[in-house]
Structures are given as C-alpha cells and as structure tokens.
Amino acid sequence: GPTAASVGIIGPAGSGRALVARALHALSANADRALAEIDARDEAGWAMPNGGDLLLRHADRLDDVAQERLLRRLPPPCRVFAPLADGSRLSPALRARIATVEISIPPLSARGADALALARHFARTAAERHGRPVPQLSQAAEALILNHPWPDEVRGLQLAIERALLLSEDGRIDVALLAPQTPAPIAEDTAGPAFDLLESERAMIAAALREHGHNVTQAAQALGLSRGALYRRMARHGL
C-alpha cells in the first residue's frame, strides 16, 4: 500500500478486486485525494488524473492497438490499481506499467469459511437497509453457502442473501429461499466437476435432516423439494 508501485489485482469478476484497490489506496501516500476511476473500454472517457491514484477497469479487455494507446495516455506520476481477469492478456509493456506488483484474489469457492462470514455480514447489512430483523441462517443454508459455486462470486452471494431476506416471512433463511432451484437434478453419468455438486447436495440434505430431527417432510420443505424427491436423493447419497 505505501509504495508507489502500480498493482494488478487478478481474480474473477465479483470477487472483490475493486475493494482491494480501495484498501490499497487508503494506505497510499495519495489517500487524501479521491481515487479516480476509468473504464478502459470507453476511450472517450480516458480523462487521466495528473498524479494521484487511478482505478483502471477492463484494461485486459482491449486489443493490442488499444492497449498501446492506453499506455501512451497514462501519465508517469499516476499510480494504477488495475482489476484484471487475466494478466497474461496484457501486452508486456502495459503489464509492466499497470501491474508492477500482482495480487491474486481467489474465487469464493477457494476461500473456505470466508463465504459463511460474508453471508452473515450481508445478512446484517441487508437487514439494516430494509428495516428487518437480522435473519438466522439454517444449517442447510450454511451448508449451501459453503459448498455452492456462486455465480458472480461475492456479488452473487450478496444478492442471494438480500433476496432471501426480503422473501423470508419468519426471520429465517433456508435453502428454499436462498436458492430455490437448488439442489438441482444431477445426471447419474455426469463426471468430473459434478462430483463437487454431488457432495454439495449431500451436505445440504444431511444438514436439513439434522436440523429438522430427520423429519423428512419438514426437511423437504426447507430444501424446496417434494417429499418423494427428497427420498430419491437420500437414497442416491446413502442417507
């Protein structure tokens, strides 16, 4: 943070790359100045700051010619924080300029219990925003949060929690509210990544059964399944 080096922040969209950039800016010598922000895809909006820090989005989405133009436009005193999906898409010269140091932001699925901590945080902030009591997450919902690959990463989890809070009528978030289509049917002959989905489904079902004292009817309602569908999945997973 306190250095003058430009930083490439590499990770999937929605994983918190801009948040990392703002944290770095807050530690920099330019923290007293506003963090300028530019979308590199909009060349008409390349109003470069004269010094200070710049949040430069989508530089890795440009072709080689546009990257060269961007490189020429960046003023030397300007420090860049660049959220990137893939640093290898940058030309060597542009990468050296805007990603002198690179920080990798792993996907939410690789961050262990972070997902549950974030979900609880999002539940609190959403409750404050909408004037609702802070909801409780069921065991099955917690299992889903820890095992489900969330589309749009942290942003997707935040949206799912807020939506579930608004749909909840009893101050409780269960799987049926958090992801109404989960668990989804899984083909028996699916291989590879489906193993993780099977494990995720098994963990959610086991958590729902424990939470409802192995009452299949109540567990099925919590999971958004019919009683018969839950029995079939229980048999599939040996539960």
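Rounding to the nearest 0.5 angstrom, the gap separating the CG atom in L116 from the CZ atom in R111 is 13.5 Å. Considering CG of L146 and CG of D114, their distance stands at 10.0 Å, rounded to 0.5 Å. In this structure, R22 CZ and L27 CG are separated by 14.5 Å, a value rounded to the nearest 0.5 Å. L71 contributes atom CG, which lies 8.0 Å from atom CZ of R97 (distance to the nearest 0.5 angstrom). Expressed to the nearest 0.5 Å, how far CG of L35 lies from CG of L24 amounts to 10.0 Å.
Side chain of R79 to main chain of A5: a donor-acceptor pair is present (N/O by atom type, distance under 3.5 Å, no hydrogens or angles). No donor-acceptor distance shorter than 3.5 angstrom exists from the side chain of D174 to the backbone of A176, with no hydrogens or angles considered. Checked by atom type and distance alone, the side chain of Q67 pairs as donor or acceptor with a backbone atom of S91 at under 3.5 Å. Checking side-chain atoms of D63 against main-chain N and O of A66 turns up a donor-acceptor pair under 3.5 Å. With W46 contributing its side chain and A40 its backbone, the two residues share a donor-acceptor pair below 3.5 Å. Panel note: side chain D60, backbone L84; no donor-acceptor pair is recorded below 3.5 Å. For S6 (side chain) and V80 (main-chain N/O), a donor-acceptor pair under 3.5 Å exists by modelled atom type.
E153 and R17 are not joined by a salt bridge, as no carboxylate oxygen comes within less than 4.0 angstrom of a charged side-chain nitrogen. Ion pair E128/R124 not flagged as a salt bridge, since none of the NZ, NE, NH1 or NH2 atoms sits closer than 4.0 Å to an Asp/Glu carboxylate oxygen.
Contact record, A141 with L178: O-CD2, 4.0 Å, taken as the closest heavy-atom pair. The minimum heavy-atom distance between L70 and M48, with the atom names listed, is CD1-CE, 3.6 Å.
Side-chain atoms of E169 and L177, non-hydrogen and from C-beta on, never get closer than 4.5 Å to each other.
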Where do E68 and R73 land on the salt bridge (charged side-chain N to carboxylate O under 4.0 Å, His left out) test, with the steps shown first? CA-CA 9 Å; E68 179 62 28; R73 291 282 298 277; over 6 Å; no
Determine, step by step, whether L166 and H130 satisfy the side-chain contact (heavy atoms from CB on, under 4.5 Å) criterion, reporting the C-alpha distance in whole Å, the side-chain angles of both residues, the deciding distance to 0.1 Å, and the verdict. CA-CA 8 Å; L166 293 171; H130 295 290; 3.7 Å; yes
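Residues Q158 and H121 bring no donor and acceptor atom of their side chains to less than 3.5 Å of each other. A donor-acceptor pair shorter than 3.5 Å cannot be found between the side chains of N30 and S28.
Hydrophobic clustering (side-chain heavy atoms under 4.5 Å, transitive across Ile, Leu, Val, Met, Phe, Trp, Tyr) keeps I9 apart from I98.
For D170, the side-chain contact (heavy atoms from CB on, under 4.5 Å) test picks out S168, R172, with sequence neighbours left out.
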